[in-house]
2 protein chains.
Amino acid sequence: MTTKTNDPRMPANYDPSEFPAFAVTVDVVILTMSNKRLHVLLVRRGVAPFEGMWAIPGGFKRPAETLDEAAKRELAEETGVDSASLLTQLGAYGDPDRDPRMNVVTIAYLAAIRRVGVVVAGADAAEAALIPVSEVLKGKTELAFDHAQIVRDAVERVRVDLELRGIATAFVGPTFTLAELRAVYEAVWGEQLDGANFRRSVLAESGWVIPTGRRARPGSTGGKPAELYRAGRMWKKGAPVRYPQPNDTRKEHE
Amino acid sequence: MTTKTNDPRMPANYDPSEFPAFAVTVDVVILTMSNKRLHVLLVRRGVAPFEGMWAIPGGFKRPAETLDEAAKRELAEETGVDSASLLTQLGAYGDPDRDPRMNVVTIAYLAAIRRVGVVVAGADAAEAALIPVSEVLKGKTELAFDHAQIVRDAVERVRVDLELRGIATAFVGPTFTLAELRAVYEAVWGEQLDGANFRRSVLAESGWVIPTGRRARPGSTGGKPAELYRAGRMWKKGAPVRYPQPNDTRKEHE
DNA sequence: GTAGTTCTGGTTGACAAGACCATAACTTAC
DNA sequence: GTAAGTTATGGTCTTGTCAACCAGAACTAC
């Protein structure tokens with residue numbers, strides 16, 4: 001047992017020159033849409049511990065960089081993307097035994113990217129792949145360390161930020177149809193949204209999406225070609241689309 | 001010396017046994033209501049650097065404790081409160097030069113307490129006091145390190161969590177009147193709220209506040225004695241009180 | 001007693017949002 | 001070519017929510 005929950009030698013007041021040393025890593029939960037489902041980029045660990053298991057990419061923070069810079073670097077190393085449309089801090093994870101080797105505090109970041117270009121397997125990673133988040137949430141894909149919890153936290157964060165800040169455009173391309181945008185909401189929330197009402201809500205907030213005047217090519221199944229939009233500036237407050245609240249007054253057939 | 005801000009020998013791929021060492025501190029932004037205004041508990045630093053300046057309390061994380069435990073410990077050491085009504089992680093701060101002595105990554109926590117009991121000046125702190133947050137936000141009270149930014153982030157967090165999760169009961173006593181609860185919202189948001197509408201909104205959410213049947217003593221200015229409530233369980237989703245949206249700015253588009 | 005203050009319940013009007021329908025513009029199948 | 005299917009987009013209707021406002025109740029101070 002390596003746990004020393006109560007170390008009697010630990011003084012109540014620390015001497016600044018004699019602090020406990022920690023390793024600090026910055027890990028990034030990289031989310032993207034693929035095939036109408038939310039996916040997370042995972043790497044298969046090539047080294048112990050948890051060798052052979054899936055994990056979210058990351059690495060040690062360098063002393064001369066900020067946390068944001070470290071996250072940006074990790075994202076670029078892993079995907080080749082150098083400018084994420086969304087990259088925010090998610091939280092810190094520092095349980096004593098989360099890494100069996102040593103004391104590690106991890107700062108987790110959340111990244112949303114439009115499309116994964118090259119998926120690079122780094123030095124510690126034997127393989128990299130996009131895994132549906134549902135597989136992770138259901139526990140069908142086990143992750144190393146406490147990374148499953150981190151992914152759960154990341155998805156929950158996306159769910160509320162989608163409603164609160166409307167970060168949906170981070171998941172689609174530079175131009176997109178409203179159906180594509182709606183697919184992001186539906187994938188993250190797991191709810192069907194009415195196309196007409198969605199359109200009205202999104203367009204009501206001026207400056208959120210901007211029509212380009214051009215039209216998309218209809219899909220192979222036909223249909224009226226949709227107008228193409230591009231992302232406007234982001235919100236100041238409130239969001240155009242709300243998470244559907246079950247109306248108790250709806251008809252109760254069965 | 002342990003500070004090596006730029007080590008050219010740092011390889012791109014780290015060896016796990018040779019990671020850069022960081023000090024990890026856990027600092028707590030302790031907020032409370034006093035005299036109808038939001039206050040933050042600050043300590044005056046007794047040691048260099050920033051000796052004599054105000055700072056938020058905190059200390060080094062111990063290897064055997066979790067981050068949450070560390071925050072709880074710091075809060076107890078500083079205030080004597082052992083069970084905060086609200087204690088959540090706020091974010092991580094790790095800019096390279098935020099501490100001139102060495103590489104320090106700080107995990108900031110946000111605590112809301114009902115009343116400050118004993119304010120203890122610790123080993124590093126010569127003095128402790130409650131300062132109105134407005135003084136910090138306006139820059140009238142300068143803080144050590146990047147603590148001013150941390151306080152700003154904490155207040156912003158409270159503003160949205162008040163709406164999203166209804167954490168207002170964390171700031172009032174075990175029993176309270178609706179006017180007291182309303183004062184929390186008004187202090188944090190800086191907006192006047194209609195008493196009747198506030199009451200309706202709060203009571204609409206069942207289980208959020210529970211009437212005790214007793215009545216408070218009217219204040220010295222008279223008035224009908226208000227009913228006393230106690231906090232129920234917290235929310236699952238949505239909040240009973242929404243941030244007032246100015247209706248006139250809503251019809252700009254078109 | 002009257003005046004002032006606070007709490008509490010009621011009403012109303014504007015607006016937001018979901019359910020649903022209708023039509024337009026494309027596809028493929030025949 | 002026509003018919004059928006699919007998607008986008010605009011419309012209507014109904015319901016619920018919320019802020020503004022009003023009125024009365026219950027206290028204190030004088």
Side-chain angles (χ1 to χ4, degrees), chain A residues 36 163 166 172 175-183 185-186 189 191-206 208-209 211-229 237-253, chain B residues 36 163 166 175-183 185-186 189 191-206 208-209 211-229 237-254:
Chain A
K36 297 226 171 202
E163 181 169 18
V172 295
T175 65
F176 50 88
T177 67
L178 294 188
E180 284 180 77
L181 199 63
R182 179 161 51 93
Y185 282 87
E186 292 177 339
W189 286 348
E191 302 265 356
Q192 289 289 115
L193 297 179
D194 181 272
N197 293 333
F198 180 84
R199 173 190 181 77
R200 215 189 332 275
S201 300
V202 165
L203 295 182
E205 197 85 7
S206 72
W208 163 220
V209 294
T212 64
R214 294 181 299 128
R215 297 197 158 264
R217 286 213 355 246
S220 61
T221 71
K224 178 176 175 177
E227 183 152 17
L228 280 173
Y229 294 84
K237 209 147 196 72
V241 183
R242 295 233 176 128
Y243 186 89
Q245 319 226 19
N247 255 352
D248 289 336
T249 57
R250 66 187 166 187
K251 290 164 194 166
E252 307 214 347
H253 39 281
Chain B
K36 297 226 172 201
E163 181 169 17
T175 65
F176 50 88
T177 67
L178 294 188
E180 285 180 77
L181 199 63
R182 180 160 51 92
Y185 283 87
E186 292 177 338
W189 286 349
E191 302 265 356
Q192 289 289 114
L193 297 178
D194 181 272
N197 292 334
F198 180 84
R199 173 191 181 77
R200 214 187 332 276
S201 301
V202 165
L203 295 182
E205 197 87 6
S206 73
W208 164 220
V209 294
T212 64
R214 295 181 297 127
R215 296 197 161 265
R217 282 207 3 240
S220 61
T221 71
K224 177 175 176 178
E227 184 153 15
L228 280 174
Y229 294 84
K237 206 147 195 72
V241 182
R242 295 229 177 133
Y243 186 90
Q245 319 220 23
N247 286 348
D248 35 24
T249 63
R250 202 71 179 156
K251 49 186 75 164
E252 279 179 297
H253 43 75
E254 291 193 76

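Keep in mind that what you see is a predicted model, and the values were worked out from it rather than measured. Here is the naming used below: chain letters follow the sequence lines, and residue numbers restart at 1 for every chain.
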Item checked: Rounded interatomic separation in angstrom, taking CD from B:Glu186 and P from C:dT6 -> 12 Å

Margin query: Please encode protein proximity along nucleotides 7-14 of chain D as a string of B, S and -, counting only heavy-atom distances under 4.0 Å.
Written below: BSSBBB--

Check: What's the CD-C1' distance between A:Gln192 and C:dC20, to the nearest Å?
Finding: 16 Å

Margin query: Ignoring hydrogens, what is the shortest heavy-atom contact between A:Arg215 and A:Pro225? Give both atom names and the distance.
Written below: NH1-O, 2.7 Å

Item checked: Shortest non-hydrogen contact from A:Val209 toward A:Tyr229 -> CG2-CD2, 4.0 Å

Next item on the list: Measure the distance from CD on A:Glu191 to P on C:dG18 and round it to the nearest whole Å.
Entry: 11 Å

Item checked: Nearest-Å distance for atom pair CZ/P, residues A:Phe198 and C:dA19 -> 15 Å

Checklist line | Whole-Å gap separating C1' (C:dA16) and CD (A:Glu163) | finding: 14 Å

Check: A:Arg182: what forms a side-chain contact (heavy atoms from CB on, under 4.5 Å) with it, not counting sequence neighbours?
Finding: A:Ala179, A:Glu186, A:Leu193, A:Phe198

Check: Who passes side-chain hydrogen bond (donor to acceptor under 3.5 Å, both in side chains) against B:Arg200, sequence neighbours left out?
Finding: B:Asn197

Next item on the list: Locate the shortest heavy-atom distance separating A:Glu227 from A:Pro211; write the atom from each residue and the value.
Entry: OE2-CB, 3.6 Å

Next item on the list: Quick one: stems involving DNA chain C, counted as three or more successive Watson-Crick or G-U pairs, both distances short of 3.5 Å.
Entry: C:1-30 with D:1-30

Item checked: Distance, nearest 0.5 Å, that separates OG1 of A:Thr175 from CD of A:Glu180 -> 7.5 Å

